[in-house]
Amino acid sequence: MRRLYPHPYLSLTLFAVWLLLVNGYALGSLVFAAILATIIPLLTSAYWPNRMEVRNLPAIIGYILLVIWDIIVANVVVAKIVLFKPNSQLQPAWVTIPIDLRSPEAITLLAGTITLTPGTVTSDISACGRSLLVHCLHAPDPDAVRDEIKTRYEARLKRIFR
Amino acid sequence: MTLVTEILISVLLVVAGIFGIVGSFGLLKLPDPMTRLHAPTKATTIGIGGVLIASMLYFGLVADSFSWHEILISLFLFLTAPITANFIAKAHLHREVPVSELPPTGTDRAWATYDHDIAETAPNRNL
């Protein structure tokens with residue numbers, strides 16, 4: 001079983017995505033989804049050296065809801081800045097964020113979250129993978145931005161990834 | 001019932017349209033490439049999200065043929081938007097920004113865009 005399905009989460013995702021793509025659940029598409037969910041992880045397993053260690057499902061759902069809420073807030077905040085703040089008052093800043101996460105999947109997720117949330121875009125990672133370069137649209141206090149990212153997102157991701 | 005649904009769908013479409021316009025306006029108004037990157041990665045997420053929710057409501061409640069494709073579109077959008085932003089940012093750093101303008105990494109290696117020792121650029125998995 002472990003050899004047939006080396007990445008169970010990937011298989012489940014592929015199965016679900018195929019059913020969403022065909023927009024229905026006829027027997028034929030169920031079978032084809034199962035075939036794809038078996039073959040694709042097997043063919044690509046050479047490129048996924050580590051099995052992702054995920055635990056704590058409630059924390060994952062909580063994280064997704066938090067991020068969706070923050071995206072909505074981010075949209076309103078950025079829209080306000082674009083519409084009402086003259087360019088001369090804008091204080092863009094680069095912020096270095098030291099990261100304690102070590103698994104590449106977790107770092108990718110953190111970087112993606114930072115880009116999607118209020119006024120910050122992840123621009124680069126240090127060559128050793130221990131800090132992220134983040135650009136802030138309007139940050140009078142760059143240290144506060146760093147602390148917020150570390151407590152709000154990274155602390156939660158640490159609970160999800162081993 | 002249909003009136004409520006129609007109002008809801010219209011409100012979503014209008015809100016989405018406003019955010020789409022604000023995102024595009026930000027692209028014009030903001031002063032430099034890095035700040036411009038913020039407008040399309042954020043203000044338009046809600047724009048597209050609103051249109052997709054409106055489409056789901058319309059096909060589910062009015063046209064009576066519920067469709068799952070909107071969920072997939074938003075999923076792919078959330079997967080690709082940060083990656084595109086990251087690539088644009090990296091290209092901009094690479095071409096326009098000298099290292100001296102960036103804050104220090106706080107580690108013993110430089111930022112990946114400026115670090116030419118490619119063999120060791122992958123994050124160390126065994127730490």
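Computed from heavy atoms alone, side chains included, the values below leave out hydrogens, waters and symmetry copies. Numbered from 1 within each chain, the chains take letters A, B, ... in sequence-line order.
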Query - Distance-minimising heavy-atom pair for A:Ser123 and B:Met34 - result: OG-CE, 3.4 Å
Query - Largest heavy-atom contact set with chain B, pairs under 4.5 Å, which of A:Leu21, A:Leu90, A:Ile72 - result: A:Leu21
Query raised in the report: Of the backbone (N, CA, C, O) and the side chain (C-beta and beyond), which part of B:Phe87 lies under 4.5 Å from a heavy atom of chain A, both, or neither?
Result: neither
**Report entry** Members besides B:Ile21 in its Ile/Leu/Val/Met/Phe/Trp/Tyr cluster (side-chain heavy atoms under 4.5 Å)
**Finding:** none
Query raised in the report: What closest approach, in Å, do B:Ala81 and A:Leu116 show between heavy atoms, and which atom pair accounts for it?
Result: CB-CD2, 4.5 Å
Query raised in the report: In terms of hydrophobic clustering (I, L, V, M, F, W, Y; side-chain heavy atoms under 4.5 Å; direct or indirect links), are A:Leu12 and B:Ile71 co-clustered?
Result: no
**Report entry** same_hphob_cluster(A:Leu43, A:Ile35) at 4.5 Å side-chain heavy-atom cutoff
**Finding:** yes
Requested in this report: Evaluate the side chain to side chain contact (heavy atoms under 4.5 Å, CB included) criterion for residues A:His135 and B:Leu37: first the C-alpha distance (whole Å), next the side-chain angles of each, then the deciding distance (0.1 Å), finally the verdict.
Outcome: CA-CA 10 Å; A:His135 186 265; B:Leu37 200 50; over 6 Å; no
Query raised in the report: Are A:Val67 and B:Phe78 side-chain neighbours, meaning at least one heavy-atom pair lies under 4.5 Å?
Result: no
Query raised in the report: Any idea which of A:Leu132, A:Thr108, A:Ile81 has the most non-hydrogen atom pairs under 4.5 angstrom with chain B?
Result: A:Leu132
Query raised in the report: Does any heavy atom of chain A fall under 4.5 Å from the side chain of B:Leu93, the backbone, both, or neither of them?
Result: side chain
Report task. Answer yes if B:Val22 and A:Val73 sit in the same cluster of Ile, Leu, Val, Met, Phe, Trp and Tyr residues linked by side chain heavy atoms under 4.5 Å apart, and no otherwise. Result -> yes
Query raised in the report: Would A:Leu14 end up clustered with A:Trp18 when hydrophobic side chains under 4.5 Å apart are linked, directly or stepwise?
Result: yes
Query raised in the report: Mind checking whether A:His138 and B:His38 have ring centres under 6.0 Å apart?
Result: no
Report task. Mark yes when over 12 heavy atoms from residues, nucleotides or ligands other than A:Trp94 sit less than 6.0 Å from its CH2; otherwise mark no. Result -> yes
Query - From CD1 (A:Ile125) to CG (B:Asn86), nearest 0.5 Å - result: 9.0 Å
Query raised in the report: About how many Å separate CD1 of B:Ile18 and CG of A:Asn75, when rounded to the nearest 0.5 Å?
Result: 13.0 Å
Report task. Check the hydrophobic clustering (I, L, V, M, F, W, Y; side-chain heavy atoms under 4.5 Å; chains of links allowed) and say if A:Ile68 and A:Ile60 are grouped together. Result -> yes
Report summary line: Highest number of heavy-atom pairs under 4.5 Å with chain A among B:Ala85, B:Ala89, B:Pro31 belongs to B:Pro31
Query - Contacts with chain A made by residues 49-58 of chain B (heavy-atom distance under 4.5 Å), listed by residue number - result: none
Query raised in the report: Given B:Thr35, which of A:Leu137, A:Asn87, A:Val82 fulfils the side chain to side chain contact (heavy atoms under 4.5 Å, CB included) condition?
Result: A:Leu137
Query raised in the report: For B:Glu96, what residues pass the side-chain contact (heavy atoms from CB on, under 4.5 Å) criterion, not counting sequence neighbours?
Result: B:His92
Report task. Could you list the residues that satisfy ring pair (Phe, Tyr, Trp, His ring centres under 6.0 Å) with A:Trp69, not counting sequence neighbours? Result -> none
Query raised in the report: How far apart are the C-alpha atoms of B:Phe19 and A:Val76, what are their side-chain angles, what is the distance that settles it, and do they pass the side chain to side chain contact (heavy atoms under 4.5 Å, CB included) test?
Result: CA-CA 9 Å; B:Phe19 274 98; A:Val76 177; 4.1 Å; yes
